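Taking it in order: structure first as structure tokens, then the write-up.
The chains referred to below are lettered A, B, ... by the order of the sequence lines, with proteins before strands, and numbering in each begins at 1. It should be emphasised that the depicted structure is a prediction, and the values quoted were computed from it without experimental measurement.
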Protein chains: 2
Amino acid sequence: MERPQLALHQLHAFTVLAEELHFGRAAVRLGIAQPPLSQQIRRLEEKVGHPLFERRPGGVVLTSAGRELLPAARRALGEVADGLEAARRAGGGEAGLIRVGFAASLALTILPGMLRAYRERHPAVEVRISEMTTAPQVAALLGRSIDVGLLREPPDVPGLVAEAVLSEPFVAVLPVGHDLAGQRVVPVAALAAEPFVLLGPEAGPTVHERIVGVCRAAGFEPRIGQHAVEWQTVCALVEAGLGVSIAPASVRRVRLKGVAYRRIEPADARTVVAMCRREGETDPLVVRFVEVARACMP
Amino acid sequence: MERPQLALHQLHAFTVLAEELHFGRAAVRLGIAQPPLSQQIRRLEEKVGHPLFERRPGGVVLTSAGRELLPAARRALGEVADGLEAARRAGGGEAGLIRVGFAASLALTILPGMLRAYRERHPAVEVRISEMTTAPQVAALLGRSIDVGLLREPPDVPGLVAEAVLSEPFVAVLPVGHDLAGQRVVPVAALAAEPFVLLGPEAGPTVHERIVGVCRAAGFEPRIGQHAVEWQTVCALVEAGLGVSIAPASVRRVRLKGVAYRRIEPADARTVVAMCRREGETDPLVVRFVEVARACMP
DNA sequence: ACGCTCCATACGCGCAGAGATATCACACCC
DNA sequence: GGGTGTGATATCTCTGCGCGTATGGAGCGT
């Protein structure tokens, strides 16, 4: 692309004159005197290389060159005005695109509410969400292919800041027929002999490790009977009798007839959902998103 | 539309920087030093009201405002470049739109050849033709709703210039069975008793009057048996035996089995086809059209 | 012939801003 | 801790040009 040679205000003057077909009236509409308008048009004609108007008694008419230029000039002015407006909206955090990464296990939890709340307040912003595990989210944040990351167990990475959005206890997931389902609180150690249904580590290493850690703290290594990639599946497999599970409390939302959720003992094991973003991020879209997300915390 | 506030060269600098994401390289591509580029971008950001780039070590990245502005800036620059190019082509007579009025009776004659020749030489020019009789053509030329008029019997109107494109004699149109069809040359006076098939005066007053004039010169007032609005119809009606006619020689192109065309006596009556345009017309499209049309004369 | 309308021209003022050079501030890397 | 690369700032020049007022000149109508 060459350096632009036309000035926008000249194109504007041109379009106004093309509408009025009269230098005097066009100058009034432009808020300037008539001679300067003559100059603008003359300069424009010099740059184009051909007359744009034919001067005739009583007014002017467009030449064929002018007729060709007019629609393009209008479109260009419209593009600039629209682009400016869009940029201002985006700069004010009212419109644009924000890219959010989230851990699969949050699709059941806070993600839907946050997105709903944000859409309500900023309907002109397009939110592009992608399911990613922790490590890819960190990489994507640093590589600027996402703007906000929602994940479990905040990582401590230079250049990123994380804040806790939700802290939830773990619950035991049991088939309703199971002996322990009769109790209000289940000691973790009581699950030592049971086969476990867990999310595979590839789906979200941190949650997986956290749960295994809970078991180890209770003095046993969980026996993995079955892997799954979504919490819904985990619950379904528990219902089918393939084992028991320990899961963040929000899986209670998965309401299955054959599954019971019970508090566990010790109760101090919790999993933290964090919202990550780049350090020093000033993009208003991101700032607004973070604000809204914060307000969604229970 | 408000007065445009952005300068095109700033938008251009912006798009280049958005491609390079590096002030130094962008400045090189723009052929300026780096500090001026910083200024341009800063000015642009001031006008937008928000930062367009985020300055980070190793380069810059677009903000959301910048991402919104970029496509619009590209489109606007493209529109301006295209419009300028189109205007230059039109100014050079290579492209654009030319509006031509023509008398119905010429659709059979020179019009097709002229249009073909013009299209060949100026394929990018759109030719919009409209069938009009003489008076509307004159009005349309003066009112600038057509650029060129093709009509019979050049009118002498101030502000318009006409030049003869074709001069053709009249011929008698006779049914093949008619007595006079046996002769090579038909005296007009011999048609005095015949019913005439003629174009209605509303279709083209000048030709009509011209033909009636030929009859009057031969000493009789033609008896109009039938009106028609196209020469093809006139010939068909003659073939059907509804009368005879006098017509410009180019109706010979209407080849009907039952119709004969014969020279008339006196032979000095001719009809002139003229090409009209506004006086002092400088529009290159029109000038080129006139040149090509002139070259088409037989 | 005169005046009116409309556009062009001439001239001057003033400023925004585009450009250059030189220098600074900061982050990062070895 | 110095070197390197990045962009920002400071300062200056200069010119392009946007705007105004005043005037000229062509065409048209009365």
Side-chain angles (χ1 to χ4, degrees), chain A residues 2-14 16-48 51-63 66 142 158-160 278-280 282, chain B residues 2-14 16-48 51-63 66 142-144 157-160 278-282:
Chain A
E2 280 310 299
R3 294 196 73 168
Q5 30 214 340
L6 271 45
L8 277 186
H9 69 268
Q10 288 175 345
L11 288 179
H12 181 224
F14 167 68
V16 171
L17 180 55
E19 282 159 20
E20 297 290 342
L21 293 178
H22 186 284
F23 272 79
R25 287 195 299 274
V28 169
R29 256 186 59 183
L30 290 167
I32 62 175
Q34 169 260 317
L37 177 58
S38 283
Q39 287 185 27
Q40 300 296 354
I41 300 300
R42 190 166 51 77
R43 274 193 241 279
L44 192 58
E45 287 174 329
E46 278 166 11
K47 285 174 189 160
V48 171
L52 297 171
F53 294 94
E54 189 177 331
R55 280 74 166 171
R56 3 196 42 252
V60 297
V61 284
L62 279 169
T63 62
L142 293 172
L160 297 186
R278 284 176 291 274
E279 205 173 358
T282 56
Chain B
E2 280 310 296
R3 294 195 73 168
Q5 31 215 339
L6 271 47
L8 276 186
H9 68 268
Q10 288 175 345
L11 289 178
H12 181 224
F14 166 68
V16 171
L17 181 54
E19 281 159 21
E20 297 290 341
L21 294 176
H22 186 286
F23 272 78
R25 288 195 298 275
V28 169
R29 257 186 59 184
L30 289 167
I32 62 175
Q34 169 258 315
L37 177 58
S38 282
Q39 286 185 29
Q40 300 296 354
I41 299 300
R42 191 167 52 76
R43 275 193 241 281
L44 192 57
E45 287 174 330
E46 277 166 13
K47 285 174 186 159
V48 171
L52 297 171
F53 294 94
E54 188 176 333
R55 279 74 166 173
R56 359 195 45 250
V60 296
V61 284
L62 278 169
T63 63
L142 294 172
R144 305 193 149 253
V157 177
L160 297 185
R278 284 176 290 274
E279 204 172 1
E281 178 70 74
T282 57

For the pair A:Thr63 (side chain) and A:Leu52 (backbone), establish whether a donor and an acceptor sit closer than 3.5 Å, ignoring hydrogens and angles.
yes
In whole Å, what is the span from the NE2 atom of A:His12 to the P atom of D:dG18?
14 Å
One would report the end-axis bend of the helix from C:dA1-D:dT30 to C:dC30-D:dG1, five pairs per end and rounded to 10 degrees, as 20°
At 4.0 Å (heavy atoms only), tell me whether A:Gln10 reaches a base, stays on the sugar-phosphate, or touches nothing.
sugar-phosphate
Atom CZ of B:Arg278 and atom P of D:dG27 are separated, to the nearest Å, by 17 Å
OP1, OP2 of D:dG16 versus side-chain N and O of A:Arg43: anything below 4.0 Å?
no
What integer distance in Å separates B:Leu37:CG from C:dG17:P?
16 Å
May I have the distance from B:Ile32 (atom CD1) to C:dA18 (atom P), rounded to whole angstrom?
9 Å
Atom CD1 of B:Ile41 and atom P of C:dG19: how far apart are they, to the nearest Å?
12 Å
Atom pairs under 3.5 Å: protein N/O with N/O of nucleotides 3-9 of chain C:
| from | atom 1 | to | atom 2 | distance (Å) |
| --- | --- | --- | --- | --- |
| C:dC6 | OP1 | A:His22 | NE2 | 3.3 |
| C:dC6 | O5' | A:His22 | NE2 | 3.3 |
| C:dC7 | OP1 | A:Phe23 | N | 3.2 |
| C:dC7 | OP2 | A:Phe23 | N | 3.2 |
| C:dC7 | OP2 | A:Gly24 | N | 3.3 |
| C:dA8 | OP1 | A:Arg55 | NE | 2.3 |
| C:dA8 | OP1 | A:Arg55 | NH2 | 3.0 |
| C:dA8 | OP2 | A:Ser38 | OG | 2.6 |
| C:dA8 | N7 | A:Gln34 | NE2 | 3.1 |

Take the protein atom CD of B:Glu46 and the nucleotide atom P of C:dA18, then report the distance between them rounded to whole Å.
11 Å
Sidechain N-carboxylate O distance under 4.0 Å for B:Arg278, A:Glu54:
no
Using atom CG of A:Leu11 as one end and atom P of D:dG18 as the other, report the distance to the nearest whole Å.
12 Å
So, are B:Glu45 and B:Arg42 salt-bridged, with charged N and O less than 4.0 Å apart?
no
Can you see which heavy atom on A:Leu44 is nearest to which on A:Phe14, and at what distance?
CD2-CB, 3.5 Å
Could you tell me how far apart B:Leu30 (CG) and C:dA18 (P) are, to the nearest whole angstrom?
12 Å
